[in-house]
Structure formats: structure tokens, C-alpha cells
Amino acid sequence: MDVRDQLRSALADALAAAGVDPVPTEISLERPANPEHGDWSSNVALASAKAAGRNPRELGQQLVDHLRHAPPRHVTAVEIAGPGFVNFHLGDSWLHDVLAEVLTAGVRGYACPDLGGGLHVNVEFVSANPNKPLHAGHGRGACYGDSIARLRERCGFRVTREYYINDRGVQMTKYAESLAARKRGEEPPEDGYQGEYLIAWAEEMPDDADPLEWGYERALASHRATLGALQIHHDVWFSEKSMVDSGAIEESLADLRAHDAVYEADGATWLRTTDHGDDKDRVLIKTDGDLTYLTPDIAYHRDKFSRADRLFNVWGADHHGYVPRMKAAMSLLGHDPDELHIAITQMVDLMRSGEPVAMSGRSGDFIALDDVIAEVGPDAARFTYLMQSVDSRQTFDLDEVATQGMENPVFYVQYAHARICSILRKTAEAGVERVALDEVDLSLLVHERELELLRSLQTLPDTVEIACVDDAPHRIVGWSREQAAALHGFYHDCYVMGDGVSAELTQARLALVEASQVGLRIALDLLGVSAPETM
RNA sequence: GCGCCCGUAGCUCAGCUGGAUAGAGCAUCUGACUACGGAUCAGAAGGUCGGGAGUUCGAAUCUCUCCGGGCGCGCCA
């Protein structure tokens, strides 16, 4: 049983003994920031005093008195502090248990909270128009979406990674016209695509190729290659146009009508999104008979709901205004709008040495994601994109991220992993024979550096859970930096083998280092960043 | 005008389902290596958590309000 569960159940007993009725169902336990406040602390006396009509400090004291009679496992001291906190001090043995747990569970089994219970979640991300290369801004949504998928997979969800291809509509026609013009050596139409990439693509295009078909394939191949460089692979590439051919759009419209969600006015067909919180109703079919972008999009989401239990969309900040209407549309179709989650990623400001570099070249193209990857490398790109919450605008400085040095946290973390591998190599080369875990005397691990490493490892399952529940991969980045710092500190002060290190201590420290490796591998995998053996 | 996001150290950012003395990296200053990779470690300095009010035993965190910045508010996609 987890230490926390033991403490909780002991606290519940103490509360009952103190006459608190009913005993609160939620007993909070947290790691105090200040080590003087013990290893675990509970505010339960503060939280339940009022309802019980008690003085919090006195209630806390009663709990402490009761707990001292039969302290839970690992507990060495219990004390009352401040306004009524109950603080537990634990022996190092609780951390040694953590180490054994990490190694026993391994990369596959440690920090795998079952939050999904096999629920199928469809994560749709990137979904850029197939008429230009991905730019630096797409990188954020790409890395975020993939990491969200990895988190969900670890937490017991079935995951489909999906890419929606807007291959229908006027922008594709303009794209084909622009490509054809470049092929003829002409400038693209005024309202066409001016980007210089089209010159290169036009050169590749065979003379007899259909610019629309060929251009579409070319753009998709570009997206696939760029994402592949980041180790991002979508399971489903879903074509908007295919829904015209399959009749899915008509079906979706019929479904909306069957739900009485549609009406005719001013010569257009409208959707009653205001019934579900939208600012105004939205047009589905324009006066000229064309569909708005919304209509196929609704059909697409309707289709996704037929294939998954939950939908997770990653959209850029410039699309946040469309959230209410899409949720309203799903409500109108009878879905629970909460089963469609739309994450909004704020914008990326690309910098170089503190100077903004949002645009490139005379054509004003965005900086291509390919160029970012080429400049900083895929690992640094992914780590950096994920380093901060997607709720806030990101400053991405190419020079800083390209640096292979201290100002670049990705190398710090990867180096920690490489160091562990190096230690394991060196000890193996030195002929150290490993013994089974249950033969290792973990109680030898008493150095503050060793304990710090274990305290950090202990927090990984909670961190994974928070990251998954809050859709916050940056929490994993934070953990990986903390674990790496603990590892480097340990490395600096504690030798695994050598003069003055007993054979038993070497065994214990090797186990410790391997546990750290397990943790780092879990974290880096969730981020999609490689865990190098050497650097 | 309305909606969403943001405002925390010189810079880039964590911390936000309320907890005790608000953290990290970079930059600055000062230290530490005849051993497993110094791409390391330790220390110092650095703060009206945008302003104000409220709720609470307790607020960076919740509520309201104001200020500042970003992004949206189409029968465009």
C-alpha cells in the first residue's frame, strides 16, 4: 500500500477516535515545501474543524496524540504545527520502498495511473491546409498534440492520432492555379499563394500532372516528412473531400435536420447554435448554395464521434472563437459537449538573438518548421515547444535552443540520462557483477543526494496524472529537469564505485541510478524526446 | 463594445481543484576537480506575484473591478 494511503487511513482512524463524525471522505496529504514540516503533511484538522465545531489546533493535537500511540509504517514522528497542520516525519525506508517499486514496475509499469479505463480518445492535431509547408507555429500544436496522445496512452486510454485534411474549397483551387502559374514561369494570381516554396514544387511537378492532385499530394508529403522528423505519426489522415464523395456531409445535414437544429432564412440554411450558448446562429449553406467551412467540419466531428468515445482537438489561438459553435453543433446532434475537448495553443514568437524573425524572405513566408528542426534538432525543438504551458504565448529563440550548452535544458536532461548509461557501462567494464534487487541493501542509501533523487522519483506518478488530467505536458518537462538536477547532484557527491565505496553500496547506488533512468525514460518518452546512451 | 488567453526576479518561465518562509533556468558575482563524462556541483544577490476590493483561520492561487498585452468576433477557410 502506498505510504499516503497508510497515512490517510491512520488519520481517518484518529479522526473517528477524536469524535469527528462523519469522518471526511477526502483527506488531503501533501509534501510540505519546508523540510522542517516533515515528509507529509495534512491540513485535515484545519479543514474539518469548523464543521465539527472544534478548535483546529486542539483537534490537530488530538489526532497527533492518537497517531503517536500506533504510528503507521515508516513514521518516525508526528507533530502539530502552525494553525493545526499534522506533520509526519518518515524514516528513509519509505523512499527505499519507492526505489524497489520503480525498478519492479519498470518503464512500462511505473507512473501508469489508469485514468482512461480503455476509453477511446481521438486526438486531432496539426490539420494544416495541404497547400504550403508547415511553419514554426505548427510545431507547437504538433508536439503538444503528440505528447497529449502519449500521456493518454500511458494513462490507460486507447488513442487515435488524427489529421484532418482541408482538401476542398476555394483555397485548393487557388493553390492549384498558383502552382500552375509557377510551372509556366509566371507569377501566381494576385489572390493566390505567393510563397517561394511553390517555385521549387513547380519544378518538381511533371508536365502532365494535374496541379491540384499533384500539389495536394506534394503538400501532404511535405507535412508527413516534417512531422516524421519530429517522430510524430498520425494514424488517420482524414480527407474533407472524401465526405463529399461518401455522402457524409449530406448525412450530417440530414441528421441536424432530424434534430430540428436547422432552419431557412434570408435564402440561406442556418444552424441553431444559439440554443447551446453560441453568440449567434451560423450559416450552413450559403445563398449561392455553397457550404460554409462549418458544414463539413460538423460532418467530420460527427464522424469522429462514431469512431471514438472522446474527441480532443488542438487548435491555434486564432481559432478559439469557433469553439462555442462546434460544441453547440455537437450538442445539437445529441452529443455531450464535454466529450469534445478543444485545447487552444497560444502563438509562438520566433526569435533569433532577441530579434523577432516571424517572417522570411521577400514573399513574407512564415519560417518553415523544417528550418527550425534543421537548426536546433528534433529533440531540442520538441522539448522547447513543450517546455511551457500552451496557455501562454511562447518565445522561441532559435539561437538559445540551438545551443548545446547550459542555457539549454534539453541537453541538461538528456545528459543526465547519458551519464547514467555511462555509469552502468563503466561499472560493467570494471567487472561489477549485479545482484538481484532483493539482495541489494537499499538501507545504505542515506545520503541527502540519494534521498533527493528518490523523493523526486516518488512524485512522478502524481506528475503524470496531473499532466494527463490538465492536458499539461509541460509538467513532465518540469519533472524531467528536477530529476536531472537531482541526478547531477548525486553524481557530483556520490560515487557509485571506487575507493571508499563498499561493494554493497555500489550495488545500492547502481539500483538507484537505474531507477532514475527508468524515470527519465518515462518522462522523455512522454515528451517524444530521445534518451541518448551517449552524447 | 463582446469573448478567450496572458501579466510572478534584469530575461525566459514554473507554481493556480487555497496552505506554512513564492521556485527554476539564463544573465551577474563568489567558490568546488589528480576517480564513474566539468555539457557538472555549491553559494550569493535579485520580488509591491500588474493595481485595488472581497471571501477565508490562511490568497500568486477563488470572486469582482480596473489597467496593460496578445488573439478572435464573416453567407472567408
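First the proteins, then the strands, lettered A, B, ... as listed; each starts at 1.
- You'll find a donor-acceptor pair under 3.5 Å spanning the side chain of Asn87(A) and the base of A20(B), going by distance alone.
- Nearest-nucleotide positions on RNA chain B for Ala472(A) and Ser422(A) put Ala472(A) closer to the 5' end.
- The neighbour count for Glu264(A) CD, taken as heavy atoms of other residues, nucleotides or ligands under 6.0 Å away, is above 12.
- For the P atoms, the distance linking A45(B) with G23(B) amounts to 14 Å, nearest Å.
- Side-chain N/O atoms of Tyr412(A) and base N/O atoms of A24(B) include no donor-acceptor pair closer than 3.5 Å.
- Taking NE2 of His276(A) as the reference point, atom CE of Met326(A) lies at 14.5 Å (rounded to 0.5 Å).
- The side chain of Tyr322(A) has C76(B) as its nearest neighbour among C76(B), G70(B), G19(B).
- With hydrogens and angles ignored, no donor-acceptor pair closer than 3.5 Å exists between the side chain of Asp318(A) and the base of G72(B).
- Of the charged side-chain nitrogens involved, at least one lies within less than 4.0 Å of a carboxylate oxygen, so that Glu452(A) and Arg455(A) count as a salt-bridged pair.
- A close approach under 4.0 Å does occur between a side-chain nitrogen or oxygen of Arg475(A) and OP1 or OP2 of C16(B).
- Looking at the side chain of Arg393(A), the nearest of the listed nucleotides C75(B), A39(B), C71(B) is C71(B).
- Side-chain proximity of Tyr495(A) to the nucleotides C13(B), C36(B), C41(B) is greatest for C36(B).
- Going from atom CG of Leu271(A) over to atom P of C75(B) covers 13 Å, rounded to whole Å.
- For Lys280(A), whose side chain is taken as the heavy atoms from C-beta onward, the closest listed nucleotide among A77(B), C75(B), G38(B) is C75(B).
- Ionic pairing of Glu465(A) and Arg152(A) is not present here: no N-O contact between side-chain nitrogen and carboxylate oxygen is shorter than 4.0 angstrom.
- Comparing C41(B), G3(B), C75(B) by their nearest atom to the side chain of Thr292(A) picks out C75(B).
- Of the candidate nucleotides C75(B), C41(B), G15(B), C75(B) has the atom lying nearest to any side-chain atom of Trp270(A).
- Distances were taken from every side-chain heavy atom of Phe85(A) (C-beta onward) to each of A77(B), A20(B), G3(B); the shortest belongs to A20(B).
- In this model, a side-chain donor or acceptor of Ser41(A) finds a partner on the base of A20(B) within 3.5 Å.
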Review point. Checking ring pair (Phe, Tyr, Trp, His ring centres under 6.0 Å) for the pair Tyr322(A)/His319(A): CA distance, chi angles, key distance, verdict?
Key: CA-CA 6 Å; Tyr322(A) 304 103; His319(A) 283 80; 5.6 Å; yes
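- Each of U40(B), G70(B), A20(B) was ranked by its minimum atom distance to the side chain of Gln346(A); first place goes to G70(B).
- Asp290(A) comes within 4.0 angstrom of nothing in the nucleic acid, heavy atoms only.
- Of all nucleotides listed (C75(B), A42(B), A39(B)), C75(B) comes nearest to the side chain of Ala268(A).
- A stacking contact between His474(A) and A14(B) is absent: the pair does not combine a ring-centre distance of less than 5.5 Å to the base's six-membered ring with planes differing by less than 30°.
- A close approach under 4.0 Å does occur between a side-chain nitrogen or oxygen of Ser392(A) and OP1 or OP2 of A14(B).
- The Asn43(A) side chain lies nearest to G19(B) when the options are G19(B), C36(B), C4(B).
- When the side-chain nitrogen and oxygen atoms of Arg449(A) are compared with OP1 and OP2 of A42(B), one or more of them lie within a distance under 4.0 Å.
- An OP1 or OP2 oxygen of A77(B) is reached within less than 4.0 angstrom by a side-chain nitrogen or oxygen of Lys286(A).
- Within the structure, a side-chain polar atom (N or O) of Arg419(A) is placed less than 4.0 Å from OP1 or OP2 of G38(B).
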Point to revise | Pair Val262(A)-Arg272(A), side chain to side chain contact (heavy atoms under 4.5 Å, CB included): steps then yes or no | key: CA-CA 6 Å; Val262(A) 172; Arg272(A) 302 180 195 280; over 6 Å; no
